[in-house]
Amino acid sequence: MRVIHTLAELREALAGHARTAFVPTMGNLHAGHLSLVREAKRHGGPVVASIFVNRLQFLPHEDFDQYPRTLERDCALLAPEGCDIVFAPSERELYPEPQAYKVAPPPALADILEGEFRPGFFTGVCTVVMKLFQCVQPAVAVFGQKDYQQLMVIRGMVRQFAMPIEIIGAPTVRADDGLALSSRNGYLGASERNEAVELSHVLQQLAAGAHDPARALAALEADAAAALRGRGWAPDYLTLRRRADLLPPTDEERLNRIPMVALGAARLGSTRLIDNLEC
Ligand SMILES: Nc1ncnc2c1ncn2[C@@H]1O[C@H](COP(=O)(O)OP(=O)(O)OP(=O)(O)O)[C@@H](O)[C@H]1O
Ligand SMILES: CC(C)(CO)[C@@H](O)C(=O)[O-]
Ligand code: BAL
């Protein structure tokens, strides 16, 4: 496995290779990321994992500075999975000048849910993913369903820009108790870690009521928020949405059991966690 820090070296290493499979990450890897690498391996070409904490997708008060940088440990986890190249550019390498050209996804998808609470987040994500795609020129790229809205936004970007890249969504890997693995779980203290699984429990309750319009959506969501608040959480959103466009379902759609997803984001202490469950 090669660890590459510059774009020139990356291009040279990939020259002549067809069907590169790409796994973009922010590092501090866990079993969820490794499952994406295993999925990428199934596509036959070389596998590139990127590690880059992208300043553009963080708000000033968020955890950009605090975000764990653990390159050596990450490489030790990636090598046994058969990852061929780790692309870990510096900020200066990826953003040699202020990034004035940006990719702004449509507000209807990007300014709701995560985008409401992290304004500009998806512009930051799309801009860096567009750039990473130009660097790696993959045939396939793998993203986790844990970041459900991000996956939808990336799919839309690739479709609307006619980018010749197959986007694969990989299932969320969970700890034994059901907590979705996340780099940010590392911020949790021991008792917070025990509590953290409640986010997935509340989403299960929301999902269980999805197809019963006798229970009003607003009441279902208010109950979910109250349940978490009562346990010391500060929810940003806990909501049931249509899988097609992440807008709220009508009662008729709920009755007709259209594909839906329960999505949640909430802070436990100073740690913000997200999760979702299709229903
Ligand atoms: N538990 C998981 N299962 C599957 N994929 C995951 C999981 N967690 C993250 N991913 C995916 O890994 C890719 C890189 O994500 P990232 O490096 O931000 O990790 P993360 O654990 O989600 O970190 P954070 O705590 O910052 O959200 C994304 O496509 C993300 O959806
Ligand atoms: C896709 C990504 C690597 C872009 O910085 C990031 O948003 C992430 O890790 O999910
Ligand atoms: N996992 C999505 C990247 C972020 O939270 O910034």
Side-chain angles (χ1 to χ4, degrees), residues 25-36 51 53-55 57-74 76-78 113-119 121 125 143-151 170-210 215 218-241 261-279:
T25 83
M26 302 204 304
N28 193 33
L29 303 185
H30 50 64
H33 298 112
L34 301 182
S35 77
L36 307 187
I51 296 180
V53 186
N54 174 40
R55 189 187 290 274
Q57 71 193 64
F58 288 78
L59 288 167
H61 67 270
E62 291 182 339
D63 56 343
F64 175 79
D65 290 325
Q66 192 192 350
Y67 204 87
R69 274 84 167 168
T70 54
L71 181 61
E72 232 176 275
R73 183 181 162 276
D74 292 345
L77 291 171
L78 287 169
L113 305 171
E114 283 301 282
E116 180 185 343
F117 290 92
R118 302 182 70 184
F121 172 68
V125 168
F143 292 82
Q145 284 170 0
K146 195 204 75 181
D147 296 88
Y148 200 89
Q149 190 179 5
Q150 170 172 280
L151 175 59
T172 301
V173 176
R174 295 177 182 278
D176 287 344
D177 64 350
L179 172 66
L181 297 189
S182 164
S183 303
R184 291 188 171 97
N185 293 348
Y187 298 153
L188 300 167
S191 66
E192 287 176 332
R193 168 61 191 84
N194 287 333
E195 174 61 24
V197 70
E198 289 303 324
L199 176 57
S200 67
H201 291 165
V202 160
L203 292 175
Q204 281 166 17
Q205 281 162 25
L206 256 182
R215 297 197 62 200
L220 208 57
E221 294 178 352
D223 285 353
L228 277 195
R229 264 193 213 101
R231 305 181 65 93
W233 294 68
D236 279 350
Y237 60 85
L238 293 159
T239 187
L240 197 62
R241 296 295 169 104
V261 57
L263 300 134
R267 269 165 291 123
L268 185 56
S270 55
T271 306
R272 185 174 183 279
L273 300 177
I274 64 170
D275 198 356
N276 63 80
L277 187 63
E278 289 185 340
C279 50

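The figures here come from the full heavy-atom set of this structure, side chains too, leaving out hydrogens, waters and symmetry mates. As the structure is a prediction and not an experimental result, all values here were calculated from the model. FYI, the numbering just counts along the sequence from 1.
Contact between Leu268 and Glu192 at its shortest, heavy atoms only, is CD2-O, 3.4 Å. Listed here is the closest heavy atom pair of Trp233 and Ala266: CE3-CB, 3.5 Å. When all heavy atoms are compared, the tightest approach of Arg118 to Gln57 is NH2-O, 3.5 Å. The shortest heavy-atom contact between Gly27 and His33 is O-CE1, 4.0 Å. The minimum heavy-atom distance between Val53 and Phe64, with the atom names listed, is O-CE1, 3.4 Å. Annotation for Ala262 and Cys279: closest pair N-SG, 4.2 Å, computed over non-hydrogen atoms.
Here the CG-CZ distance, from Asp65 to Arg55, works out to 6.5 Å after rounding to the nearest 0.5 Å. For the atom pair Asp223 CG and Arg215 CZ, the distance stands at 5.5 Å (nearest 0.5 Å). His30 NE2 to Ser182 OG: the interatomic distance, rounded to the nearest 0.5 Å, is 5.5 Å. From Asn276, atom CG reaches atom CG of Leu206 across 12.0 Å, with rounding to the nearest 0.5 Å. From Lys146, atom NZ reaches atom CG of Leu181 across 8.5 Å, with rounding to the nearest 0.5 Å. Atom CD in Glu278 sits 12.5 Å away from atom CG in Leu203 (nearest 0.5 Å).
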**Message:** Please determine whether side chain to side chain contact (heavy atoms under 4.5 Å, CB included) holds for the pair Asp63 and Tyr187, giving the CA-CA distance in whole Å, both sets of side-chain angles, and the decisive distance to 0.1 Å.
**Reply:** CA-CA 11 Å; Asp63 56 343; Tyr187 298 153; 2.8 Å; yes

**Message:** If you apply the rule side chain to side chain contact (heavy atoms under 4.5 Å, CB included), what do you find for Asp177 with Ser200, and how did you get there?
**Reply:** CA-CA 10 Å; Asp177 64 350; Ser200 67; over 6 Å; no

**Request:** Show your working on side-chain hydrogen bond (donor to acceptor under 3.5 Å, both in side chains) between Glu221 and Thr239 and close with a plain yes or no.
**Result:** CA-CA 6 Å; Glu221 294 178 352; Thr239 187; 2.7 Å; yes

**Request:** Take Glu116 and Tyr237 through the side chain to side chain contact (heavy atoms under 4.5 Å, CB included) test and state the conclusion after the steps.
**Result:** CA-CA 10 Å; Glu116 180 185 343; Tyr237 60 85; over 6 Å; no

**Request:** Could you check Leu34 against Leu78 for side chain to side chain contact (heavy atoms under 4.5 Å, CB included), going step by step and ending with a plain yes or no?
**Result:** CA-CA 7 Å; Leu34 301 182; Leu78 287 169; 4.0 Å; yes

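Around the CZ atom of Arg184, the shell of radius 6.0 Å holds more than 12 heavy atoms that belong to other residues, nucleotides or ligands.
Using modelled atom types, no side-chain atom of Gln149 and backbone atom of Leu113 make a donor-acceptor pair closer than 3.5 Å. Side-chain N or O atoms of Glu198 include none that pairs as donor or acceptor with a backbone N or O of Leu228 at under 3.5 Å. Within the 3.5 Å criterion, the main-chain N or O of Leu59 finds a donor-acceptor partner in the side chain of Glu62. Side-chain atoms of Asn185 come within 3.5 Å of backbone atoms of Ala180 as a donor-acceptor pair (strictly under, hydrogens ignored). When atom types are taken as modelled, the side chain of Ser183 and the backbone of Asn28 share a donor-acceptor pair closer than 3.5 angstrom. In this structure a side-chain-to-backbone donor-acceptor pair under 3.5 Å is missing from Asp275 to Gly264.
Contact of the Tyr148 side chain with the Ile274 side chain is not registered, since no non-hydrogen atoms from C-beta on lie closer than 4.5 Å. Residues Leu199 and Leu238 meet the side-chain proximity criterion, which asks for heavy atoms closer than 4.5 Å. By the 4.5 Å heavy-atom criterion applied to side chains, Leu36 and Thr25 are not counted as neighbours.
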